[in-house]
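No experiment lies behind these values; they were computed from the predicted model shown. Reckoned from all heavy atoms, side chains included, excluding hydrogens, waters and symmetry mates. A note on names: the letters A, B, ... follow the listed sequences, proteins ahead of strands, and every chain is numbered from 1.
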Number of protein chains: 2
Amino acid sequence: MSLLFSRQCEYALQAVLYLAKTPSGKMTSIKELSAKLDIPYHYLAKILQSLAIKGLLLSEKGRTGGFALRIPVEHITLAQVIDAVDGPAIKHSCVMGFGECSEDNPCALHNEWVHLRTGLFDVLNDKNVIQLAREMKKPVYEMLA
Amino acid sequence: MSLLFSRQCEYALQAVLYLAKTPSGKMTSIKELSAKLDIPYHYLAKILQSLAIKGLLLSEKGRTGGFALRIPVEHITLAQVIDAVDGPAIKHSCVMGFGECSEDNPCALHNEWVHLRTGLFDVLNDKNVIQLAREMKKPVYEMLA
DNA sequence: TTAATTTCAGATAAATTACTCTTAATTAAA
DNA sequence: TTTAATTAAGAGTAATTTATCTGAAATTAA
Ligand code: FES
Ligand code: FES
């Protein structure tokens, strides 16, 4: 099976939203993220590290270290996260696996797929992580104050 | 990267639509499908075989053998193909990778995702393969008469 | 009957993705 | 200054997916 995003990307999205819900200024450790979100520790470490390298997260070593969203937080979108992890291909790939996704030579699902894709990415681009995090009701994300 | 369907499923969809466009009664060989659709021969063989076992395709051995859609063709949908290859999970999985996709505990993308997913599957369920095949403009699928 | 062409079946290989382990570097608290 | 907690980095392993290979069985055409 396969679902829109890679596992790695799903983990990244979950983690970024978690960081979006933590009070600004506070660093969150991999340990906490891994435990709360039930993501393999070292695997998550890699993912966060790469997001830090790509400029989406801040990281700090040492005893009070951890990760936080890079400021200004309002500028971070999930679309950026997806781009950073899975790359931009999804935005112009054919859902049936044909070489190119084109208006001129559409596959049988083209219209529906383009509609879905643009609808989703509109949300992903237009709302920042803070806004999206607010809409979540997953228990793990509560009581982070 | 990852995109809605597994590679195997993409191949299956492409092949089934190809069969939907061939004149009824005619059997199409793996060789032709593999060449026209540019899908690895033996891999495709496996996929078609499994679709035949699951009752979506008819197969015939021997010199004039090949595959064709099982009749009545009008009852075959791409949703069935997807179900047969990737399984039903996609229809109730969380796009962000959380354990369950629920209305009560929605993730940040739940509303958008559910809306888009149901829209897509409405098409996949309501239109049969003949109807969908007609909408294609991919060159490979032309001149099959 | 023979040869050619096809699917069927199972084993194997390659590639990709997911995950783990270990050690080093850094920082702050004890 | 020592110790504990943390990220950084890179190598290594496991699991899954994708693809290949080989030979047998079936069927038709010559
Ligand atoms: S051509 Fe297939 S989705 Fe656009
Ligand atoms: S809870 Fe995530 S898509 Fe429904």
As a test of reading the structure: which of C/dC8, D/dT18, D/dA8 is closest to the side chain of A/Ser59, going by heavy atoms? D/dA8
Nearest to the A/Tyr43 side chain among C/dT20, D/dT7, C/dT7, which nucleotide is it? C/dT20
What integer distance in Å separates [X]:[atom1] from [N]:[atom2]?
| X | N | atom1 | atom2 | value |
| --- | --- | --- | --- | --- |
| A/Gln49 | D/dT6 | CD | C1' | 13 Å |
| A/Met27 | C/dA29 | CE | P | 14 Å |
| B/Leu58 | C/dC8 | CG | C1' | 16 Å |
| B/Leu33 | C/dT7 | CG | C1' | 13 Å |
| A/Ile47 | D/dT7 | CD1 | C1' | 15 Å |
| A/Ile53 | D/dA9 | CD1 | P | 6 Å |
| B/Leu3 | C/dT17 | CG | P | 13 Å |
| A/His42 | D/dA14 | NE2 | C1' | 16 Å |

Counting only side-chain nitrogens and oxygens, does [X] get under 4.0 Å of the OP1 or OP2 atom of [N]?
| X | N | result |
| --- | --- | --- |
| A/Tyr11 | C/dC19 | yes |
| A/Gln8 | C/dT17 | no |
| B/Thr64 | C/dT5 | no |
| B/Arg63 | C/dA3 | no |
| B/Tyr41 | C/dT6 | no |

For the pair B/Glu142 and B/Lys137, find out whether any cationic side-chain nitrogen is under 4.0 Å from an anionic carboxylate oxygen. no
Using only atom types and a distance under 3.5 Å, with no angle test, would you say the side chain of B/Tyr141 pairs donor to acceptor with the backbone of B/Gln14? yes
Residue whose closest nucleotide on DNA chain D lies nearer the 5' end, A/Phe67 versus B/Glu60: A/Phe67
Name the residue closer to the 5' end of DNA chain C, choosing between A/Leu44 and A/Gly62 according to the nucleotide with the nearest heavy atom. A/Leu44
5'-most by nearest nucleotide on DNA chain C - A/Lys61 or A/Pro40: A/Pro40
Does any donor atom in the side chain of B/His110 or B/Glu103 lie under 3.5 Å from an acceptor atom in the other side chain? yes
Within the 3.5 Å criterion, strictly below it, is a donor on A/Asp86 or A/Ser6 matched to an acceptor on the partner's side chain? yes
Is any N or O donor-acceptor pair between the side chain of B/Lys46 and the base of C/dA9 shorter than 3.5 Å? yes
Please assess A/Met27 against A/Phe67 for the test side chain to side chain contact (heavy atoms under 4.5 Å, CB included), listing each intermediate value before the final yes or no. CA-CA 5 Å; A/Met27 303 301 272; A/Phe67 291 85; 5.6 Å; no
Using a heavy-atom cut-off of under 4.0 Å over every strand shown, decide if A/Ile30 touches base, sugar-phosphate, or nothing. sugar-phosphate
